[in-house]
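Worksheet: one structure, shown below.
When reading the values below, keep in mind they use all heavy atoms of this one structure, side chains included, and skip hydrogens, waters and symmetry mates. Every number for a ligand or one of its atoms is a count from 1 in the order of the listing.
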Amino acid sequence: MIQAGVAEAFNGQINKEFYSYYLYLAMATHLQGRGLKGLSALMRQKAAEEQTHAMKLFDFVEARGGAVVLAAIDAPPATWDSVLAAAEAAYDHECFISRSIDDLVAVCRAANDNAGETFLQWFVTEQVEEEETAQELVDQLRLIGDNGAALYMLDRDLGAGVATAAATPAAT
Ligand code: OFO
């Protein structure tokens, strides 16, 4: 049985993951509106991942007899000044989520909740990858600068990558 205070902290993280879902969806539609279909598809893919993160936490709280309480999800921004600004916002958000996961691990440790702490290790590892991929996109966009042709090619390549990933069955 999960302790009430630990469940409350997990509920806070569930809300943040759903906010992440909203944030990436907002970026997806913003980028679609700028004609960047590949980047938009990448953000949609990330949004879908965030939904699975939220549901992993949701299922964990339920499995341990805790109460899942869904709070209101804040509205994300609707626009960004540039593609780079959106990518930087995504990177900053992932760093924020990493700190939040660390805080949640600390809550589990303080409550001597070994199941919670062990479960969260997946998220700790996932955040390393999430920060890295977000940083890579920022780096690529900084290199591209104002070069429209290079942005076109990056967008095309990212779109192809998302399509390939969608067509490839997940490893079991
Ligand atoms: Fe973007 O990461 Fe969830 O946790």
Side-chain angles (χ1 to χ4, degrees), residues 2 5-32 36 38-64 66 68-80 83-111 113-142 154 158-159 161-162 165-166 168 170-171:
I2 194 167
V6 177
E8 194 181 324
F10 268 79
N11 278 314
Q13 189 63 36
I14 289 169
N15 184 264
K16 286 174 189 157
E17 300 291 344
F18 277 125
Y19 176 79
S20 304
Y21 170 67
Y22 258 32
L23 178 66
Y24 283 121
L25 275 186
M27 288 180 179
T29 194
H30 172 72
L31 293 163
Q32 181 80 11
L36 295 162
L39 277 153
S40 178
L42 179 69
M43 293 303 170
R44 273 186 183 241
Q45 182 190 57
K46 291 176 84 59
E49 285 174 16
E50 298 302 344
Q51 192 182 19
T52 67
H53 295 172
M55 292 312 296
K56 266 182 198 278
L57 295 157
F58 185 111
D59 290 344
F60 180 77
V61 173
E62 272 195 345
R64 298 191 60 217
V68 172
V69 180
L70 296 173
I73 304 166
D74 289 342
T79 60
W80 287 265
V83 183
L84 175 60
E88 287 172 338
Y91 174 75
D92 289 345
H93 182 70
E94 289 303 340
C95 293
F96 164 74
I97 290 293
S98 298
R99 291 193 298 273
S100 181
I101 294 289
D102 286 342
D103 290 346
L104 192 50
V105 170
V107 168
C108 290
R109 276 193 192 138
D113 187 331
N114 292 303
E117 190 178 339
T118 302
F119 169 80
L120 288 172
Q121 293 315 301
W122 183 89
F123 285 85
V124 171
T125 305
E126 174 73 5
Q127 281 312 118
V128 174
E129 186 187 316
E130 298 253 316
E131 282 187 26
E132 185 182 18
T133 55
Q135 180 68 62
E136 277 172 11
L137 183 58
V138 168
D139 291 343
Q140 286 168 328
L141 289 166
R142 283 188 182 145
L154 176 70
L158 290 173
V162 172
T168 308

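In summary, Arg142 and Glu88 engage in a salt bridge, as defined by a charged side-chain N under 4.0 Å from a carboxylate O. Salt bridge present: Arg64 and Asp113 bring a charged side-chain N and a carboxylate O closer than 4.0 Å.
The name of the N, O or S atom in Glu50 nearest to atom 1 (Fe) of ligand 1 is OE2. Atom 1 (Fe) of ligand 1 is closest to atom OE1 of Glu130 (considering only N, O or S atoms). Note on His53: its N/O/S atom closest to atom 3 (Fe) of ligand 1 is ND1.
Thr29 contributes no side-chain N or O that, together with a main-chain N or O of Ala26, makes up a donor-acceptor pair within less than 3.5 Å. The backbone N or O of Glu117 lies less than 3.5 Å from a partner atom in the side chain of Gln121, making a donor-acceptor pair. Formation of a donor-acceptor pair under 3.5 Å by the Ser98 side chain with backbone atoms of Glu94 is found in this model.
The protein atom (non-hydrogen) at minimum distance from atom 4 (O) of ligand 1 is Glu17 OE2, 2.7 Å.
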*Begin with the C-alpha distance, continue with both residues' side-chain angles, and end with the deciding distance and a verdict on ring pair (Phe, Tyr, Trp, His ring centres under 6.0 Å) for His53 and Tyr21.*
CA-CA 9 Å; His53 295 172; Tyr21 170 67; over 10 Å; no
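Interface atoms of ligand 1 facing Ile97, defined by a heavy-atom separation under 4.0 Å, are 4 (O).
The proximity of Glu94 to ligand 1, defined as any non-hydrogen pair under 4.0 Å, is limited to the side chain. Contacts between Gln127 and ligand 1 below 4.0 angstrom, taking non-hydrogen atoms only, involve the side chain exclusively.
Of the polar atoms of Ser20, none of the N or O atoms is found under 3.5 Å from an N or O of ligand 1, judged by distance alone.
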